[in-house]
Protein chains: 2
Amino acid sequence: MKLSTKGRYGVKSMLDLALHGGEGPVPLKSIAERQDISENYLEQLFATLRKAGHLKSIRGAQGGYILAHDPKNITIGSILRSLEGSLAPVECVVEDDPIKCSKSDRCVTKIVWKKIRDKVNEAVDSVTLDDLIEEYKKSNTDDAYIYYI
Amino acid sequence: MKLSTKGRYGVKSMLDLALHGGEGPVPLKSIAERQDISENYLEQLFATLRKAGHLKSIRGAQGGYILAHDPKNITIGSILRSLEGSLAPVECVVEDDPIKCSKSDRCVTKIVWKKIRDKVNEAVDSVTLDDLIEEYKKSNTDDAYIYYI
DNA sequence: TCCAATTCCAAGTACTTTACTCGGTATTTC
DNA sequence: GAAATACCGAGTAAAGTACTTGGAATTGGA
């Protein structure tokens with residue numbers, strides 16, 4: 001039941017971008033360095049996030065990435081699902097067109113898998129990027145200018 | 001964020017055992033056949049469940065496995081955690097001695113990981129084996145004697 | 001007393017997934 | 001025109017998953 005690095009890196013990087021953006025695009029390289037993630041690998045994750053509509057990119061020198069929406073409107077859940085796919089614990093309870101097993105009609109264990117799925121979604125959808133930004137600022141009141149994670 | 005087959009097979013098999021037990025030990029082979037799981041593989045899972053105190057075994061001919069406790073006192077969570085380990089989505093928020101990263105003190109993403117962890121535990125600990133048995137019986141009122149899953 | 005049925009145990013292995021790397025092209029600014 | 005960036009597709013090493021294999025130990029019943 002572990003998240004892959006995709007989800008973890010994605011959330012970290014989106015938060016990094018939110019903290020460092022504002023005055024223009026942030027180059028992937030700087031995010032990768034701060035977050036200690038392979039640049040080439042993060043590139044792939046950002047491609048996914050861009051296609052999912054979370055990021056906008058600006059090519060060429062002085063280019064980089066910017067958030068496509070206000071952090072208040074970006075839930076952690078939407079980031080995670082973009083990168084990880086459904087957060088359902090078992091294929092048979094994936095939200096759209098689940099892969100059913102032969103005994104799906106009689107299977108009562110699905111009750112549990114659905115509960116897990118719903119609770120996980122509840123958890124990740126209740127937190128926005130902005131919530132994390134606020135938490136970050138709160139926990140760094142002494143040296144409020146050090147906006148790295 | 002998927003469960004492995006260990007967790008899924010474990011819950012299915014414990015339920016199967018609960019439905020077929022009662023008049024004595026149930027041989028692993030019959031559970032494996034009904035649930036369409038490799039017998040040798042299930043053996044390994046049952047070894048874990050036995051060591052975790054969920055099962056008792058009786059060796060030799062006419063032997064098999066029986067539940068160590070009343071289904072009312074066995075939560076799905078305890079089965080899953082025995083087989084899968086902590087259900088935390090990230091190592092750094094595992095319940096006992098988590099593996100912390102270097103930035104753990106400042107890391108705000110942990111807020112989300114902890115929320116997921118707690119919600120998942122809440123979901124799986126709110127359902128007992130007996131709940132699934134009851135659900136199963138309810139959904140099979142017409143042919144109530146067919147107690148397989 | 002032996003055989004069949006069972007649990008118990010430790011290694012080995014094929015397959016799949018993850019987490020990357022590599023090499024290049026396209027675009028933009030200075 | 002050179003440097004800095006994003007974009008793209010393919011390849012790959014390591015780890016994890018889901019088993020298999022080959023046995024030893026125990027027990028009940030013929």
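Atom set for the values below is all heavy atoms of this structure, side chains included, hydrogens, waters and symmetry mates excluded. Below, chain A is the first sequence line, B the second, and so on; all start at residue 1.
Proximity of residues 37-44 of chain B to DNA chain C (heavy atom under 4.0 angstrom from any strand atom) is restricted to B/Glu43, B/Gln44. For residues 83-102 of chain B, proximity to DNA chain C is found at no residue, defined as any non-hydrogen atom under 4.0 angstrom from a strand atom.
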Going through the distances and angles, do B/Tyr136 and B/Leu19 end up as a side chain to side chain contact (heavy atoms under 4.5 Å, CB included)?
-> CA-CA 9 Å; B/Tyr136 186 77; B/Leu19 290 168; 4.1 Å; yes
Any chance you could lay out the side chain to side chain contact (heavy atoms under 4.5 Å, CB included) test for A/Leu129 and A/Leu15, step after step, and finish with the verdict?
-> CA-CA 7 Å; A/Leu129 250 199; A/Leu15 179 56; 4.1 Å; yes
Given the rule in the side chain to side chain contact (heavy atoms under 4.5 Å, CB included) test, do A/Leu3 and A/Val11 qualify, once you have shown the distances and angles that lead to the verdict?
-> CA-CA 11 Å; A/Leu3 282 171; A/Val11 171; over 6 Å; no
Kindly indicate, with the supporting measurements, whether the criterion side chain to side chain contact (heavy atoms under 4.5 Å, CB included) is fulfilled by B/Thr75 and B/Val124.
-> CA-CA 7 Å; B/Thr75 66; B/Val124 296; over 6 Å; no
Are A/Asp16 and A/Ser13 close enough, and set up right, to give a side-chain hydrogen bond (donor to acceptor under 3.5 Å, both in side chains), and what steps lead you there?
-> CA-CA 5 Å; A/Asp16 184 286; A/Ser13 302; over 6 Å; no
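Among the atoms of the strands shown, only primed sugar atoms or phosphate atoms (P, OP1, OP2) are found under 4.0 Å from some heavy atom of A/Arg50. Nucleic acid contact for B/Tyr65: sugar-phosphate only, since backbone atoms but no base atoms lie under 4.0 Å from a heavy atom of the residue.
For B/Arg117, the salt bridge (charged side-chain N to carboxylate O under 4.0 Å, His left out) criterion is met by no residue, not counting sequence neighbours. Residues passing the salt bridge (charged side-chain N to carboxylate O under 4.0 Å, His left out) test with B/Asp70, sequence neighbours excluded: none. By the side chain to side chain donor-acceptor pair (under 3.5 Å) test, B/Lys6 is found to be paired with no residue, residues two or more places apart in sequence or in another chain being considered. Under the salt bridge (charged side-chain N to carboxylate O under 4.0 Å, His left out) criterion, B/Glu39 pairs with no residue, sequence neighbours left out. Not counting sequence neighbours, the partners of B/Glu122 by the salt bridge (charged side-chain N to carboxylate O under 4.0 Å, His left out) test are A/Lys119.
The salt bridge (Lys or Arg N to Asp or Glu O under 4.0 Å) analysis of residues 76-88 of chain B, with sequence neighbours excluded, yields the pairs B/Arg81-B/Asp125.
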Please output the side-chain donor-acceptor pairs of residues 89-99 of chain A that fall under 3.5 Å, not counting sequence neighbours, one pair per line with the distance.
unit_1, atom_1, unit_2, atom_2, d
A/Glu95, OE1, A/Ser86, OG, 2.6
A/Glu95, OE2, A/Asn121, ND2, 2.9

Could you list the donor-acceptor pairs under 3.5 angstrom formed between side-chain atoms of residues 43-68 of chain B and any protein atom two or more places apart in sequence or on another chain?
unit_1, atom_1, unit_2, atom_2, d
B/Thr48, OG1, B/Gln44, O, 3.2
B/His54, NE2, B/Ser78, O, 3.4
B/His54, NE2, B/Ser82, OG, 3.2

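Taking atom CE of residue B/Met1 and atom P of nucleotide C/dT18, one finds them 13 Å apart after rounding to whole Å.
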For nucleotides 2-5 of chain C, give me every protein contact, N/O to N/O, under 3.5 Å, one pair per line with atom names.
unit_1, atom_1, unit_2, atom_2, d
C/dA5, N3, B/Ala61, N, 3.3

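Using a 4.0 Å cutoff to heavy atoms of chain B, the contacted part of DNA chain D runs 5' to 3' from D/dA18 to D/dG29.
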